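Here the structure is laid out as structure tokens; the discussion comes afterwards.
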Protein chains: 2
Amino acid sequence: MLIRVDPASDVALFAQVAASVRTEMATGRLLPGNRLPAARDVAESLGVNLHTVLRAYQDLRDEGLVDLRRGRGAVVTDRAADLAGLHAEIRALGERAKGLGMSPDTLASLVRESVDG
Amino acid sequence: MLIRVDPASDVALFAQVAASVRTEMATGRLLPGNRLPAARDVAESLGVNLHTVLRAYQDLRDEGLVDLRRGRGAVVTDRAADLAGLHAEIRALGERAKGLGMSPDTLASLVRESVDG
DNA sequence: TCGGCTGTTATAGAAGAACTATAACAATCG
DNA sequence: CGATTGTTATAGTTCTTCTATAACAGCCGA
């Protein structure tokens, strides 16, 4: 479970945590049934507050990617497999964009509007 | 030039303006050499502040998508064609994600990490 | 050249989001 | 029971966003 965070990024900390987890799911390093590390552990290892990590976990729950229960932790749901199914396509797009020198923001913005538009 | 803005969105207003412009580029409705509407006009028609629109224009400039000069306005650069080149692929990915009931945030997050990762 | 249009810069304030800190609570599990 | 885990509550600080106003400086057409 690799969770990276860049305090200098313009992306909010909690969003970076959630993004890290999603990527772990998409790449198959985090499978349905697996449990995420305890929020308190992640918070300590990243040097951020407990609530920052919990906010990320709750976002993932709202997306249906994890089940949250006190005492039990955060468990990856079957829906996480959907992310893995898109991984190859996403990676191909990312490589093309990178080859054009396109910024992450630019591509992410286009993709976002492409989904809700 | 369609520039939409949703005050209730969690995406910042200036980011929504920039996203609208990028989408116009990607779909070919805004071509290299075209001039963007004056920031003051956009601000008035959207009911937002001049600076909010200018922040969007400056982000687009930082991405190399427009040239900004006082008195002349914001002119679309050749790099905007790169966006159009990715349009079909982005649209296909967006449709697949939409079919899975995936949120714009989820997909945009995965794509963002796929570029900088 | 003049006048209007354009982005640029400066300043300031209000509002909201993000992050932190602490603490108590409640479900789960060994 | 006791440790672990997410949940909720409260509060305060910091940062970003958005607004408002005003003056400035480059560009262009008449």
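Side-chain atoms are counted along with the backbone in the values below, which use heavy atoms only and exclude waters and symmetry mates. A note on names: the letters A, B, ... follow the listed sequences, proteins ahead of strands, and every chain is numbered from 1. Everything numeric in this text was worked out from a predicted model, so none of it was measured.
Toward the 5′ end of DNA chain C lies the nearest nucleotide of Leu36(B), the other residue of the pair Leu13(A) and Leu36(B) mapping further downstream. Closest-nucleotide positions on DNA chain C for Ala15(A) and Arg61(B) were compared, and the one nearer the 5' end corresponds to Arg61(B).
Atom CG in Leu50(B) sits roughly 11 Å away from atom C1' in dA20(D) (whole-Å rounding). For the pair Asp10(A) CG and dA17(C) P, the interatomic distance rounds to 18 Å; values are reported in whole Å. As rounded to whole Å, 13 Å separates atom C1' of dA12(C) from atom CG of Asn49(B). Counting to the nearest Å, the C1' atom of dA18(C) and the CG atom of Asp59(A) are 12 Å from each other. If you take CG of Leu46(A) and P of dA18(C), they are 18 Å apart, rounded to a whole angstrom. Nucleotide dT8(C) holds its C1' atom 16 Å from the CG atom of Asp67(B), rounded to whole Å. For the pair Glu44(A) CD and dT4(D) C1', the interatomic distance rounds to 14 Å; values are reported in whole Å.
Expressed to the nearest 0.5 Å, how far CE of Met25(A) lies from CG of Leu65(A) amounts to 5.0 Å.
Side-chain atoms of Val42(A) and Leu36(A), non-hydrogen and from C-beta on, never get closer than 4.5 Å to each other. Within the 4.5 Å cutoff, no side-chain heavy atoms of Arg96(B) are placed close to those of Leu107(B).
One finds a salt bridge joining Glu63(A) and Arg22(A) here, because a Lys/Arg side-chain nitrogen approaches an Asp/Glu carboxylate oxygen to under 4.0 Å. With respect to the salt-bridge test (charged N to carboxylate O, under 4.0 angstrom), the residues Arg55(A) and Asp59(A) qualify.
Using a 4.0 Å cut-off, some side-chain N or O of Arg35(A) falls inside it from OP1 or OP2 of dT5(D). Of the side-chain N and O atoms in Arg72(B), one or more sit less than 4.0 angstrom from OP1 or OP2 of dC28(D).
Placement of Leu68(B) and Val53(B) within a single hydrophobic cluster is found when ILVMFWY residues are connected by side-chain heavy-atom separations under 4.5 Å, directly or transitively.
For DNA chain D, the residues of residues 51-58 of chain B within the heavy-atom distance limit of 4.0 Å (strictly under) are His51(B), Thr52(B), Arg55(B), sorted by number.
Between the side chain of Ser114(A) and the backbone N or O of Leu110(A), no donor-acceptor pair lies under 3.5 Å.
The nucleotide whose nearest atom lies closest to any side-chain atom of Arg69(B) is, among dT6(C), dC27(D), dA21(C), dC27(D). Ranking dT6(C), dC19(C), dT5(D) by closeness to the Arg40(B) side chain, first place goes to dT6(C). Comparing dT17(D), dG6(D), dC19(C) against the side chain of Ala12(A) picks out dC19(C) as the nearest. Comparing dT20(C), dG6(D), dT17(D) by their nearest atom to the side chain of Val48(A) picks out dT20(C).
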